[in-house]
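In what follows, a structure is listed as structure tokens, so that the remarks can point back to it.
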Amino acid sequence: MKELLSSGSGKIGAAFFIALVIISIGVIVAYPANFGLRYWSNPVLWADNPQVAPPSWTNLFSSEKHLETKVFESTGQAERLSEPGATRIVYRFNLNYAADEAPSFTSLTVQNVSYQDRPPIIAVTVQRPDGKSIGLYQLIVSGPRPGEQPPFRRYYDTPFRVQLSGEPNVASAVSDFLEQQFSLPISDQDLLVKGVDQAVFGVPDGDGGFKVLKGNYTIRVDTLLYNQSDSVGHLKYVVGGSVFGLLGTDTLGRDLSVGLLFGFPVALFIGLVTSVVTTFIGTVTGIVSGYMGGKTDTVIQRASDILANIPLLPILIFLAFIVGQNLFLIILILIAFGWPGLTILIRSMVLQIRSGNLVEATMTLGASKSRIMFRHIFPQTAPFVFATMIFSTPAAILAEASLSFLGLGDPSLPTWGQILESGFQNGGVYVGYWWWILPPGLLIVITAMTFVLLALALEPVVNPRLRRVQ
Amino acid sequence: MLVKRRVREGEGEEMIRLEDVKMHFTVRKGLFKTTTMKAVDGVSLKIGKGEILALVGESGSGKTTLGRLTLRLLQPTSGRILFENQDITNLHEAKLKMFRGRVQAVFQDPYSSIDPFMNIYQIVEEPLVIHRIGDEKERREHVYKTLEDVRLTPPQDYAEKYPHMLSGGQRQRVGIARALVLNPEYIMADEPVSMIDASSRVEILQLLKRLQETHNIAFLYITHDIATARYFSDRVSVMYRGRVVESGPSEKVIEKPLHSYTKQLIAAVPEPDPSNRFRERSVVETGSFDEDDADLVEVEPDHFVAGFKK
Amino acid sequence: MPMLEVRDLKLQYSSARGVVKAVDNVSFDIEKGEVLGIVGESGSGKTSLSLALMRVLPKNVHAYEGQVTLDGKEISSLPDEAFRKQVRWRQISMVFQGAQNSLNPVLKVGFQAAEPMLVRSKTDRREARKRVEDLFELVGLPREIYDRYPHELSGGMKQRVGVASALVLDPKLIILDEPTSALDVSIQAQIMNLLKRLKRELGLSMIFITHDIALSSDICDHLAVLYAGEVVEKGSAEQIFGNPKHPYTQLLLASVPRLKSDTDPKYIPGAPPDLTSPPPGCRFHPRCPYRFEPCDHKVPPQVKVDEGQTAKCWLNVESEKVKAKK
Amino acid sequence: MKAARVLAVRGATLFGVLIVSLLLVIVVLGATGVSDRMIDSLVNEQVRGLRQSLAQTIRDPDQLERVVSEQRQQLISFYGLDRPWYTRLPDMVWRVFTLDLGSARTLKSFEGSTRVSDIVLERLPNTIILVTSALVISAVIGLYVGVKLATRVGSRLDRAMSYLSAVSYALPTWWVGILLILVLSFQVRLFPFGGIISAPAPQDPLARALDVIWHAALPVATLVVASVGGWAYAVRTMVLNTAQEDFVTAARAKGLPENVVMRRHIIRVAAPPILTNIVLGLAASLGGAILTETVFNWPGMGRLYFDAIMALDENVVVALTFMFTVLYVVSRFVLEVLYIMLDPRVRY
């Protein structure tokens, strides 16, 4: 331990390791169980994110200012107005628009509506900085079905989401708006092709296109309820940008930072479980083989000789392909083929220890075999074993990453390798989705490096001859 | 000269007896060929209670293997090993534990024969732990007393130290203390001083000698150095190629060696005498002894030589 | 004029625990055809001394100074490259302690012996081979050994190869660093006989380094006793063995178990000091039975006690004073 | 004589490796029912051929069906599809051994053949070219840099290199490839994104060769970057260990010039352990080749592996797994022979 912290690389490695552990614990606590299948692989959850958007901080280096995704939700202050026979609830969302481009999309999501007799109406109006306003969209919640009893509940299980940018009704509303305000005749179809949001957040540039109109917008969402007990649970209005969050998104709009964070505990789990179990088996078999000699030794030696020489990756690929993509299977295989290498090393160490007189001396004292093996021989191999354990940790992480990269990762647990693979498969390398490719790779390298640094600090323990030189 | 006990073979009580013991090892030669290495090839010897027997020979003579056999660390290919007239040749490992409590060993290399990860106290205490002797307090007293016996004094100063903090001589004394703590009746000492500085060798030998006198311990002193054998032992057995070629009381064998190999061993010992440089030492080429396979003959009372023709 | 004069040779290493004063102001002379024994226990700096003479130094050298004169020429002032070309093996060669480890395991032993000729004097291969085979014969090895690898030879044979290859360039001086310590006593005797024969027949000068003072009497004409990096006593073999003046030499001699006399050997209590922090005053004083007032703080001078014999001990200073008063 | 024994033992072990991997593959295939599927497709394929040839002679469709289904039954019992999978074990071993695995589901060889052996063997040279050139370049650079470092232990360069080699151990090969593409193909547009030759391929042989080298530059560089740091570090360690041996001191004492000491008494002696290190890294570099080929779309066995996985083509995956094991075992054996030539202690 002292050796570990006395060198520079040991200190850096230890600091990194602690950081890895803290992040992993945080992720385990914060993330829902079954994250991989229920959340990460569920496209509905990511629909409101822009797709393949680079990180928002790229704006700092870009001459053109990209729009960051803005999400407005019905949680803030609302204005309640009483009208004859109805209640009007008005949400005003203020948006200071400074980007040099139109939103990539806009969407409205409605959830948990319940009413007694008349279906509520929800309307979206955009009030622009030029004082003009567009009645963008109106939703009349679907009416009672035959035989259905009040209260009528709508959009509880599946929220109602409408992509305003692609909605024909919106297009026609905007078309009308352009006609009236700018005397610009443009058909609904053309508008849908050009992008409705360009017109909503811009002014015609005279060339048949639109120029972004910067300034303060207010998006007003009106909800009209016809009964005291009627309610609209949740409203969400999203202005989709072209940059997103800390680490951007992938083709499904998934927030890469969320997926990458989840990779921490998984990588640590793969690395540590594999190395700990491998080291344990390797050490025990090595000590037993070296100490007992005879038939036990021959059997262990032959088995480990053969297993240690099998090229791991092809077999790993084969098994993962044929038997199934399961993280535990992968770990099991890594262990099954990982221990023999250590067995061979430990065995030769034990033989060397045996060549001294300690074993004979202890035997003369009447010590049992297990006492000699684990009280006397094991402590002498322990520093080496510990260093090997650390050194073999990145190998397991890298092996899993490689396998994931070939598309053989466990789909229920997103790993860095899998994220990289989907980036590669989606042509990220050839079109330059660097934010999708670099961070997962970098995280793999940093995690592997952490253990390599620790191992490096332990090298003098393992190789005393080098210590003599320095 | 320290007082020597004159024990004629067969006199007094017997500690350990080997009867025509052979130890053969199989060595791989070719792909399928194996040959037999006869490390010990028919040796009989006795060690009486409280007697020091020196086993002298060069590397490869089988003296170390023979030493291991007297402790039953090895099971002989043939022959019998008796401890206090009880046959322990084929005793199972579990039953040997009692025997292990009564015989001990001191090894050549004080660096590799004690556990570098234990402190001195733990090393010396270990035999007591293994044999479940005494409670913690009794053990502590006994360990301290033993450390004093081997002159690691005051014991408190040494108890917490680790082997690498001690000099070679001190480490060897730790090895002796560990062998001594069970109050053994027999100790096999395999080259106990060959890796220790010349100026300290005699100190260790004197310590062993005193222990033999105060505790009446029998010793098998294995060495290549016939000069220390003369000083330290009551009797000497000379080994050559797995066999004993000459044995008898130390003075007799050394002052009047009969076997040519013994003679050569003696001639090869350098004496600090500057006139030596004007003459060559007599050297017999190894492999030129023709009496290898001959049996031991009692040439004079208690002095045995292989293949001696009167 | 002595063939080799060494004056105030000093070699220090830096280590994790501090500066190791391995060789500290060592001076001695060697006459032509004579063998000087350097006797010291482990850690007394005797191997460092041989490396210092050959100027084969490890990387962690802290200080290296002193004057070495060979045949009237000061070789210690030569630059490294010139020293390598002119002195090493050509004038001073060496036989190493462990024959096992001093031979390259992947090269044939004959080639290794011939290598200095081949590389340095551009001798042609056939000639070099003949020379080496002749030398092998001289040291009692069969000529065919030339094409063998080290692992195929026994320890004694390897040590003979070491002796033969030290002779290959006809050096003036051979340093023998514990040439027999790894060998069985009977093989040791054979090698010692070989060395004696070479000394007699070739008139070789040698430095014989050993921890075994008894063995040194077998070949050495003069002796220097080394303790904790310093020469504590030197003189002719007769003087050192017959009338040792330094307590360390006396006790070292007394610690040798004798085969042919009935005196009991004695030991020196304690252990040799750590060379990073040798004791003040006389370095031997903590183990010395005769120590008195000045020993623990004043370094004793090298005192001439007899013609050609000096000892570094306060006892001798006192007795010289007594003599002077008389 | 001893050398023959050592070689025989190594050969036997490596043969054991081959057999064990083969058995592993076949048992897994059998136990998961995949081998049934594979044989089934083999039977279908032969039945299809049969039907076509029989259709020439037998006009009556009913009779044709009858004959075909008879033949089909024969084939099924011939291949043992009607028996449990483990009874077919020896037969399967032999079929994998001879790459007689029928035809691929969707993949085709460049010539258009669907036979698995055609597809796989055609790719073999491309992989060998890639791996060997990367191995040779890494070896040369690693040796040179490692020796340089060993002579300057503790210098700033040495420290930097030891960290760099640690980084290269932590770098996934394929990610290095991706980085190189991103920088040198996407940003700088210096090298092609992948493939082995431009389309259309140049006609002139020299231009063709240069074109291949231009395409190979990035994949080879990837493999080299991934392994060269480890190499240099291993060489440095071995050289340092050897440099501490007594015979090196002896060689210096003999007055040999430093370059002779380095070459003959250090590097020459350190060569066998360095070679051992290469042997240990061999499996990793083969694995690296699989991934690098995937990244660079290099038409070798590794890229084929990826394609076969994507196309769920079991026959091809099995054949490739076996081929990679063979490739590994063979190159291991070559290196073992080399080792024995380098180290006289094993030779006699």
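Quick note on labels: first sequence line is chain A, next is B, and so on, each numbered from 1. Keep in mind that what you see is a predicted model, and the values were worked out from it rather than measured.
Counting heavy atoms from C-beta outward, C:L259 and B:I266 have side chains that approach closer than 4.5 Å.
Chain B forms the most heavy-atom pairs under 4.5 Å with one residue out of C:G270, C:P265, C:S236, C:A189, and that residue is C:P265. Of the listed residues (C:I219, C:I240, C:D221, C:D212), the greatest number of heavy-atom pairs within a distance under 4.5 Å of chain B belongs to C:D221.
The stretch residues 173-184 of chain C participates, sequence neighbours left out, in these salt bridge (Lys or Arg N to Asp or Glu O under 4.0 Å) pairs: C:K46-C:E178. Residue pairs that meet the ring pair (Phe, Tyr, Trp, His ring centres under 6.0 Å) test with at least one member in residues 189-224 of chain C, sequence neighbours left out, do not exist here.
Rounding to the nearest 0.5 angstrom, the gap separating the OH atom in C:Y267 from the CG atom in B:L207 is 8.5 Å. With rounding to the nearest 0.5 angstrom, the OG atom of B:S199 is 4.0 Å from the CZ atom of C:R287. Rounded to the nearest 0.5 Å, atoms CZ (C:R258) and OH (B:Y231) are 14.0 Å apart. Once rounded to the nearest 0.5 Å, the distance linking CD of C:E238 with CZ of B:R277 reads 4.5 Å.
Between C:R200 and B:E280, at least one side-chain nitrogen of the basic residue sits less than 4.0 Å from a carboxylate oxygen of the acidic one, meeting the salt-bridge criterion.
C:E34 pairs by the salt bridge (charged side-chain N to carboxylate O under 4.0 Å, His left out) definition with nothing, not counting sequence neighbours.
Using a 4.5 Å cut-off between heavy atoms, B:R279 touches chain C through its backbone atoms (N, CA, C, O) alone. Within the 4.5 angstrom heavy-atom criterion, no atom of B:L205 approaches chain C.
Looking only at atom types and distance, the side chain of B:E271 has no donor-acceptor partner in the side chain of C:S217 under 3.5 Å away. Side-chain atoms of C:S42 and B:D197 form a donor-acceptor pair, as typed in the model, at a separation below 3.5 Å.
Residues of residues 148-157 of chain B having a heavy atom under 4.5 Å from any heavy atom of chain C, listed by number: B:R151.
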